[in-house]
*Asks:* 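Would you mind keeping the following structure in view while I ask a few things?
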Amino acid sequence: MTTTQPFEGVMPAMTTPFDEQDEIDHDQLADNAQYLEAAGVDGLVPVGSTGESATLSHDEHVEVIETVSAAVEDVPVIAGTGSNNTAEALSLSRRAADADADGLLLISPYYNKPEPEGFYEHYTTIADAVDLPQIVYNVPSRTGRSIPVDVTARLAEHENIVGYKAASGDLGLISEVVERTADEEFAVLSGDDGLTLPILSIGGTGTISVVANVEPERTCAMVGSALAGDYERAQAIHHELSPLCRELFVETNPIPVKEAMAIRDRGRPDVRSPLTRLSEEYREDLATLLREYETAAPGDIGAFGAAEASR
């Protein structure tokens with residue numbers, strides 16, 4: 001451990017694989033969890049946005065958590081249990097605890113657009129009732145409103161609220177969160193793959209990552225280098241990963257990452273409606289880029305920018 005924070009390192013935001021009948025492929029899900037654990041990740045985050053939680057029934061949601069928890073031995077499972085309905089989020093959180101989740105990731109209430117006190121009461125209601133470490137997830141592009149820093153600082157004082165997933169794209173705001181929570185046992189984690197290294201440089205402790213589903217070893221090497229203070233190597237790997245980070249967000253997440261997983265034989269590319277499979281115009285570029293990653297170890301690729309520009 002290179003920090004004293006409760007969460008650090010690389011925690012992939014897992015996809016949920018589906019079979020030809022649009023049912024959850026639990027065998028593939030378990031295999032993916034074991035693959036990521038063997039690659040050296042520090043935790044797993046199923047049933048978040050990348051896991052298509054919005055299209056899963058509550059029973060399916062719990063079944064995914066149970067499958068991932070049973071598949072791994074030495075990494076914590078942090079389950080996405082957020083909702084725009086406090087009672088629903090509380091119910092999902094309790095069910096996740098019963099399904100052996102080790103922690104919770106709670107997206108801020110979407111659509112409702114609560115006032116500051118509404119954010120605070122939402123999170124503390126769950127933290128008071130469920131005795132698991134919990135991560136507040138700020139992603140205003142999906143929810144319509146950013147959690148105020150004052151509220152985050154107050155939440156960090158709660159013994160069960162121990163982390164913050166930063167996906168606002170606003171480094172100034174994220175830096176203020178780091179500053180205002182420095183006296184608490186509170187981890188600030190990147191929720192935006194393109195900003196992971198900058199967030200680590202201002203005091204972040206890790207990432208809940210999409211790209212780590214596809215390149216877990218490389219992502220772990222970048223984050224581990226930064227946490228160890230080797231920013232020269234971390235920067236080199238950041239630039240290696242940047243083309244893939246861009247490719248994985250050419251359409252709405254998790255559409256591209258599920259295509260990438262399929263290319264790597266880690267499940268079908270299918271997503272549940274209303275999402276659709278990655279547009280054909282992007283598929284060959286993604287496959288070509290992934291082949292480049294297979295030929296070199298982290299830190300050994302010297303011409304990614306030129307390769308990307310030539311496509």
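The analysis underlying the following values was restricted to heavy atoms, covering all of them including side chains, and did not include hydrogens, waters or symmetry mates. Predicted model only: the values in this text are computed from it and were never measured.
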*Asks:* With a distance cut-off below 6.0 Å to the six-membered ring centre and an angular limit of 45° from the axis, does Arg266 pair with Tyr35 as a cation-pi contact?
*Replies:* yes
*Asks:* Is the closest side-chain heavy-atom distance between Thr181 and Glu157 below 4.5 Å?
*Replies:* no
*Asks:* Any heavy-atom pair between the side chains of Glu23 and Phe18 that's under 4.5 Å?
*Replies:* no
*Asks:* Ion pair present between Glu115 and Arg145, side-chain N to carboxylate O less than 4.0 angstrom?
*Replies:* yes
*Asks:* Mind checking whether Arg264 and Tyr293 have side chains closer than 4.5 Å, heavy atoms only?
*Replies:* yes
*Asks:* Salt bridge (charged side-chain N to carboxylate O under 4.0 Å, His left out) between Arg154 and Glu117: does it pass, once the steps are laid out?
*Replies:* CA-CA 11 Å; Arg154 290 172 65 197; Glu117 197 61 24; 3.2 Å; yes
*Asks:* Is any side-chain heavy atom of Leu106 closer than 4.5 Å to one of Ser93?
*Replies:* yes
*Asks:* Decide if atom CD of Glu232 counts as having more than 12 heavy atoms of other residues, nucleotides or ligands within a radius under 6.0 Å.
*Replies:* no
*Asks:* One pair to check against side chain to side chain contact (heavy atoms under 4.5 Å, CB included): Asn84 and Ile107. What are the steps and the verdict?
*Replies:* CA-CA 8 Å; Asn84 66 332; Ile107 194 170; over 6 Å; no
*Asks:* Quick one: are Val210 and Pro254 in side-chain contact, heavy atoms under 4.5 Å?
*Replies:* no
*Asks:* With a 4.0 Å cut-off on N to O distance, would you call Arg246 and Asp193 a salt bridge?
*Replies:* no
*Asks:* If you draw a 6.0 Å radius around CD in Glu294, do more than 12 non-hydrogen atoms from other residues or ligands fall strictly inside?
*Replies:* yes
*Asks:* So which atom in Ala71 and which in Glu37 form the shortest heavy-atom distance, rounded to 0.1 Å?
*Replies:* O-OE1, 4.4 Å
